[in-house]
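What you are looking at is a predicted structure, and each value in this text was computed from that prediction instead of being measured. Each chain gets a letter, A, B and so on, in the order the sequences are listed, and its residues count up from 1.
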Amino acid sequence: MAPTLSTALDLHFPIPQTHTKRRIFFTRRKRTIYCNSTKPPQNPPFTKTPSLSEQLRPLSTTTLPDKDQARLLSKPKSTWVNPTKPKRSVISLQRQTRSPYAHNPKVGELKLFAKKLSDCSEDAFLTVLDEIPLEPTLENALLILNSLKPWQKTHLFFTWLKTKNLFPMETIFYNVTMKSLRFGRQFELIEELANEMVSNEIPLDNITYSTIITCAKRCNLFDKAVEWFERMYRTGLMPDEVTYSAILDVYAKLGKVEEVVSLYERGVASGWRPDPIAFSVLAKMYGEAGDYDGIRYVLEEMKSLGVRPNLVVYNTLLEAMGKAGKPGLARSLFQELLDSGLTPNEKTLTSLAKIYGKARWAKDALELWEEMKSKKWPMDFILYNTLLTMCADIGLVEEAEHLFMDMKQSRHCRPDSWSYTAMLKIYGSGGNVSKAVEIFEEMSEVGVELNVMGATCLIQCLGKAGRIDELVRVFSVSVQQGIKPDDRLCGCLLSVVSRCENKADVDKVLACLQQANPRLVAFVNSIADEEYCLDNVKEEFKGIISDTKDDARRPFCNCLIDICRNKNLHERAHDLLYLGTLYGLYPGLHNKTANEWCMDVRSLSVGAAQTALEEWMGTLAKTVNREEALPELFSAQTGTGTHKFSQGLSNSFASHLKKLAAPFRQSEEKAGCFVATREDLVPWLRSRIPSPAVSVSV
DNA sequence: GTAGGGTTAG
């Protein structure tokens, strides 16, 4: 049976037992990892290999001393040992050197022939090969092998060389061939060659292993990557920093943070000074986990080891800051990048534009765009589309139109479905229906396909404008084009239903929804049914919600509440708010401190917010009735709508308060915040209690 | 695409 990594490590490289500051820091990190690992890695690739930490645990927790300690114990007279001196190494500090080859004077001729081989059909390969202009000596053959593409040709040539048996095949020939195969993601062939090397006793070196490992990684064969890393240790070959960071990246992509940190720490304890590539791997991993502490750890490590980030590291860190939800820190990091004299590239600017857009930081977004133009920083297609999306997120209509025109006039960055979707979003959420429809028509004219997101934007704005027949047409065209309505689109249709003013329109929209989500339509009907009872709908509600994507669950519930309220079925609206709360759709709705009780309705629809207000007042009335303690201050937060197009909750909430004659006043310091003092609220609550009843719903 | 490692879009 193949030994595991732990045994391989045990044989050759006992785990360093460092007790330095670094070790303490790692312990701190480990703790943070446990606390912060709320986000599991997305679609973690399956691996049958036990995790490295599982394999390491028996070693790290065992009381067995390592060899150095054993030596110390047997020689009590050795009185001093340098505690900072690295213990046995897990990494070779010397990067594998490439063997120098003499310049081949026939390089031009050979490359020309290689091109001929590359360009010919596979059937003609052997015929063309017969016309080889020079003796296929080792040097000549290597040069040709190195210049061939695609991988099929490299493989054919390599096989031919072996059958000719002109000279013994050296490691470098395998390495060159494997690299070409990696471009074609031919892991099976690479593994075949590797096994052939083993049987023919051709040594595998660090270049061989790193090529195998990275190919496995690119093919998502992570267990294979780990397997070959273990095999390397078993043969007694030390990884150099290239192989080491390749395997770090494998564990990082598996989301195995602890293993990565453990390997990293052990490498450093062996005297390794990680380079920017290793830090980029760490930064990406923490970014994917949305782990801000991890990102800080990377920054601190770089600082303490005196490693200056390069552009790739900055880009990865920026992306990571965005994923960790730290736009301000991303902005400072970007400034640091500029101060260090580096010039941002397309990836840098894409990250930043995405961050500012998501954060709705209009001022910074505009400044960024101005700076991009004035400094003539590089632009590419992805950046164009990201900037457009950023404009859509923030509501920068003119800027978006400008960019869109630029794209239309450019040669290489013609608007595609992303660009058109962003434009639909801009006009759609801005309520500019005619422009949105224009974009839709233009798409079919220029042959850009609508996608589900664009369809959703368009349907949403047509719905808001009450243009139901056009909505139905867009829906039909979308479905005909093969768009599969997703939960967001269903939520959008449901919200249109909640806004429809007449039954004919409701039926038209429900007919669309019926095609996408018949279960939801049945539920809408059941909550309006005469036979309605909470117990009956509860299970079905639970079923629907659990079958719905996370980000569409609360919108579903919001719309259902709105539908009930529009039908004057207020009690049922309260039931649905209760069910939504029960299934965790409204976390953080109520917040209490000693002095203030606060209700945060920022993620609720108008009807849901009204329902929540009534529910809250009802609960407070009961509290008053029971003469229980109340805080001095009450507040309700509607927000002002971070999006300039999405204001309205605050206004409707205000008018509902007025209708109830509730003593809440718009806060002067904080927009979108309504406050009431206990002094004012309690008498009002009392006045509304037709004792002993407690309901205050209107 | 210099025998091997890291970064951009709902």
Side-chain angles (χ1 to χ4, degrees), chain A residues 95-101 107 111 114 118 142-143 145-151 153-154 170-184 204-215 217-218 225 239-250 252-253 274-285 287-288 298 309-320 322 344-355 357-358 378-390 392-393 416-419 421-422 424-425 451-454 456-457 486 488 551:
Chain A
R95 188 192 284 216
Q96 184 184 322
T97 45
R98 303 179 189 196
S99 41
Y101 274 89
V107 61
K111 282 209 164 174
S118 296
L142 189 56
L143 212 150
L145 193 68
N146 233 324
S147 318
L148 282 174
K149 59 180 182 185
W151 63 268
K153 295 289 171 53
T154 320
E170 293 176 15
T171 304
I172 188 169
F173 280 83
Y174 281 91
N175 289 350
V176 170
T177 309
M178 282 185 185
K179 187 187 172 185
S180 180
L181 291 171
R182 193 183 59 176
F183 281 112
L204 286 76
D205 61 14
N206 258 286
I207 297 178
T208 323
Y209 280 111
S210 58
T211 311
I212 298 169
I213 289 167
T214 51
C215 180
K217 184 173 70 182
R218 283 176 205 184
D240 65 6
E241 67 171 338
V242 176
T243 316
Y244 208 71
S245 53
I247 202 69
L248 276 186
D249 195 39
V250 168
K253 296 231 156 27
D275 65 359
I277 294 181
F279 286 117
S280 170
V281 167
L282 293 182
K284 168 107 186 177
M285 172 183 76
E288 290 299 319
V298 174
N310 63 15
L311 190 57
V312 175
V313 174
Y314 271 120
N315 290 350
T316 317
L317 282 166
L318 277 173
E319 185 73 23
N345 65 10
E346 297 88 337
K347 293 183 172 94
T348 322
L349 301 166
T350 299
S351 291
L352 212 55
K354 206 169 78 178
I355 291 168
K358 270 192 188 161
M379 282 278 261
D380 68 3
F381 190 48
I382 294 179
L383 181 51
Y384 260 117
N385 276 340
T386 308
L387 286 169
L388 266 185
T389 308
M390 174 187 86
D393 282 337
D416 70 344
S417 114
W418 277 76
S419 334
T421 305
L424 284 173
K425 195 170 170 190
N451 60 24
V452 68
M453 221 178 295
T456 307
C457 292
D486 60 6
R488 283 197 198 199
D551 58 356

*Knowing that exactly one of A:Asn315, A:Leu317, A:Leu311 qualifies, which makes a side-chain contact (heavy atoms from CB on, under 4.5 Å) with A:Val313?*
A:Leu317
*Measure the distance from CD on A:Glu288 to P on B:dG6 and round it to the nearest whole Å.*
15 Å
*Respond yes when some side-chain nitrogen or oxygen of A:Arg218 is under 4.0 Å from OP1 or OP2 of B:dG4, and no when none is.*
no
*Interatomic distance where CD belongs to A:Glu346 and C1' belongs to B:dT7 [whole Å]*: 12 Å
*Check the distance between B:dT2's P and A:Lys111's NZ and give it to me in whole angstrom.*
9 Å
*Can you see which heavy atom on A:Pro239 is nearest to which on A:Asn206, and at what distance?*
CA-OD1, 3.4 Å
*Taking CD1 from A:Ile277 and P from B:dT7, how many angstroms apart are they, rounded to a whole number?*
10 Å
*Taking atom CE of A:Met178 and atom OH of A:Tyr209, what is their separation to the nearest 0.5 Å?*
9.5 Å
*Does any N or O donor sit under 3.5 Å from an N or O acceptor when you compare the side chain of A:Asp240 with the base of B:dG4?*
yes
*asked:* So, under a plain 3.5 Å distance rule, would you say the side chain of A:Thr316 forms a donor-acceptor pair with the base of B:dT7?
replied: no
*Could you tell me whether the side chain of A:Arg98 has a donor or acceptor atom within less than 3.5 Å of a complementary atom in the base of B:dG4?*
yes
*asked:* Looking at the base of B:dG5, is there any donor atom on it, or on the side chain of A:Asp275, that sits under 3.5 Å from an acceptor on the other one?
replied: yes
*Does any N or O donor sit under 3.5 Å from an N or O acceptor when you compare the side chain of A:Asn310 with the base of B:dG6?*
yes
*asked:* By nearest atom, which of the nucleotides B:dT7, B:dA3, B:dG10 is closest to the A:Arg488 side chain?
replied: B:dG10
*For A:Thr348, report the nucleic acid contact type (base, sugar-phosphate, nothing); a contact means any heavy atom under 4.0 Å.*
nothing
_Distance-only donor-acceptor check, side chains A:Thr214 and A:Arg182, under 3.5 Å_ = yes
*Protein-nucleotide distance (A:Asn345, atom CG; B:dT7, atom C1'), rounded to Å*: 8 Å
*Quick one: does A:Thr348's side chain have a donor or acceptor within less than 3.5 Å of a partner on A:Asn345's backbone?*
yes
*asked:* Between A:Lys354 and A:Asp393 (salt bridge meaning N to carboxylate O under 4.0 Å), is one present in this structure?
replied: no
*Is the base of B:dG1 touched by the side chain of A:Ser147 through a donor-acceptor pair closer than 3.5 angstrom?*
no
*Compare the ring of A:Tyr244 with the six-membered ring in the base of B:dG5 and state whether they stack (centres under 5.5 Å, planes under 30°).*
no
*B:dA3 C1' sits how many Å from A:Tyr209 OH, rounded?*
16 Å
*Does A:Asn175 place a side-chain N or O at less than 4.0 Å from the phosphate oxygens OP1/OP2 of B:dG4?*
no
*How would you label the contact of A:Val176 with the nucleic acid (heavy atoms, under 4.0 Å): base, sugar-phosphate, or nothing?*
sugar-phosphate
*Provide, to the nearest angstrom, the distance between the CG atom belonging to A:Leu311 and the C1' atom belonging to B:dT8.*
11 Å
*Name the nucleic acid region contacted by A:Thr386, choosing base, sugar-phosphate or nothing; use a 4.0 angstrom heavy-atom cut-off, strictly under.*
sugar-phosphate
*Spacing of the C1' atoms in B:dG1 and B:dG5 (rounded, Å)*: 16 Å
*Check whether any side-chain N or O of A:Lys217 sits under 4.0 Å from OP1 or OP2 of B:dG5, and answer yes or no.*
no
*Look at the side chain of A:Asn206 and decide which nucleotide, out of B:dG1, B:dT8, B:dG4, has an atom nearest to it.*
B:dG4
*Checking only heavy atoms, does the side chain of A:Ser245 share a donor-acceptor pair with the base of B:dG5 at less than 3.5 Å?*
yes
*Within the structure shown, what part of the strands sits under 4.0 Å from A:Asn146 by heavy-atom distance: base, sugar-phosphate, or nothing?*
sugar-phosphate
*asked:* Tell me the interatomic distance from A:Leu349, atom CG, to B:dA9, atom P, rounded to whole angstroms.
replied: 14 Å
_Assess the residue pair A:Asp416 and A:Phe381 against the criterion (side-chain contact (heavy atoms from CB on, under 4.5 Å)); give the C-alpha distance rounded to whole Å, side-chain angles, the decisive distance to 0.1 Å, and a yes or no._
CA-CA 9 Å; A:Asp416 70 344; A:Phe381 190 48; 3.4 Å; yes
*Within the structure shown, what part of the strands sits under 4.0 Å from A:Ser99 by heavy-atom distance: base, sugar-phosphate, or nothing?*
base
*Ignoring hydrogens and angles, answer whether the base of B:dG4 and the side-chain atoms of A:Thr243 contain a donor-acceptor pair closer than 3.5 Å.*
yes
_Nearest-angstrom distance, P atom, B:dT2 to B:dG6_ = 14 Å
*Is there a side-chain polar atom (N or O) of A:Lys253 under 4.0 Å from OP1 or OP2 of B:dT7?*
yes
*Report yes if at least one side-chain N or O of A:Arg95 is closer than 4.0 Å to OP1 or OP2 of B:dA3; otherwise report no.*
no
